[in-house]
Amino acid sequence: NGPRYCPSIVKKLERFPDRPGHMVWLEPEGLSTDLVYPNGLSGPFPIEIQQKLLRTIKGLEKVEIVRPGYDVEYDFVDARSLGHTLETKQVT
């Protein structure tokens with residue numbers, strides 16, 4: 001049963017600093033490719049740091065990154081606070 005909500009590794013370390021480890025799922029990118037996505041390791045790290053982090057995982061000691069991971073943060077605006085131009089009503 002995969003994760004319901006999977007925060008970035010940075011958020012995991014902030015929220016659960018006492019845990020000795022964090023779950024990572026190696027998910028195939030498709031049926032006709034050998035690419036695998038390490039779900040649970042996203043974060044705002046330079047590619048060099050991502051490479052070092054991945055290579056600490058048993059079985060990934062020689063892994064090569066094809067596409068670096070990234071971090072996404074979401075904001076929310078209550079639609080009732082927007083005018084017809086999508087500008088907030090607080091801005092005049």
Side-chain angles (χ1 to χ4, degrees):
N1 293 3
R4 270 190 13 189
Y5 165 66
C6 189
S8 72
I9 192 68
V10 173
K11 294 292 184 193
K12 288 180 183 180
L13 294 172
E14 287 173 358
R15 292 180 188 162
F16 312 107
D18 297 333
R19 288 196 183 168
H22 298 280
M23 188 69 71
V24 174
W25 288 263
L26 298 178
E27 298 180 352
E29 287 282 330
L31 295 174
S32 60
T33 180
D34 292 332
L35 295 180
V36 175
Y37 175 73
N39 193 351
L41 281 182
S42 63
F45 306 112
I47 192 168
E48 298 82 16
I49 301 299
Q50 292 183 38
Q51 187 89 30
K52 286 181 182 181
L53 179 60
L54 286 169
R55 289 183 176 177
T56 66
I57 299 171
K58 187 175 181 177
L60 299 182
E61 295 88 353
K62 296 181 182 180
V63 71
E64 294 294 330
I65 294 178
V66 175
R67 282 185 302 275
Y70 54 91
D71 208 5
V72 176
E73 292 193 26
Y74 298 95
D75 281 331
F76 169 78
V77 175
D78 186 339
R80 295 171 293 185
S81 70
L82 298 175
H84 69 282
T85 62
L86 299 182
E87 182 177 41
T88 64
K89 294 176 182 176
Q90 296 172 344
V91 177
T92 57

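In this text, all values refer to a predicted model and were calculated from it rather than measured experimentally.
Following chains of ILVMFWY side-chain contacts shorter than 4.5 Å, one cannot reach Val66 starting from Ile47, and the two form parts of different hydrophobic clusters. Tracing side-chain contacts under 4.5 Å through hydrophobic residues (I, L, V, M, F, W, Y), one reaches Phe45 starting from Val63; they form part of the same cluster.
The minimum heavy-atom distance linking Leu60 with Leu54 is given by the pair CB-O, 3.4 Å. Across all their heavy atoms, Tyr70 and Ser42 have their closest contact at O-CB, 3.3 Å. The two atoms that bring Glu29 and Val36 nearest to each other are CG-N, 4.1 Å, heavy atoms only. Closest approach of Ile65 and Pro68 over heavy atoms only: CG2-N, 3.6 Å.
Side-chain contact between Leu82 and Thr88 is present, with at least one heavy-atom pair separated by less than 4.5 Å. Between Ile57 and Leu26, every side-chain heavy-atom pair lies at or beyond the 4.5 Å cut-off.
Applying the salt bridge (charged side-chain N to carboxylate O under 4.0 Å, His left out) rule to Arg19 yields no partners; only residues at least two apart in sequence or on another chain are considered. The side chain to side chain contact (heavy atoms under 4.5 Å, CB included) search around Glu64 returns Gln51, Arg55, not counting sequence neighbours. With sequence neighbours excluded, the residues forming a side chain to side chain contact (heavy atoms under 4.5 Å, CB included) with Leu13 are Ile9, His22, listed by chain and number.
Lys89 places a side-chain N or O within donor-acceptor distance of the main-chain N or O of Arg80, the cut-off being under 3.5 Å. Checked by atom type and distance alone, the side chain of Glu27 never pairs as donor or acceptor with a backbone atom of Tyr37 at under 3.5 Å.
No more than 12 heavy atoms of other residues, nucleotides or ligands lie within 6.0 Å of CG in Asp34, so this atom counts as exposed by the packing criterion.
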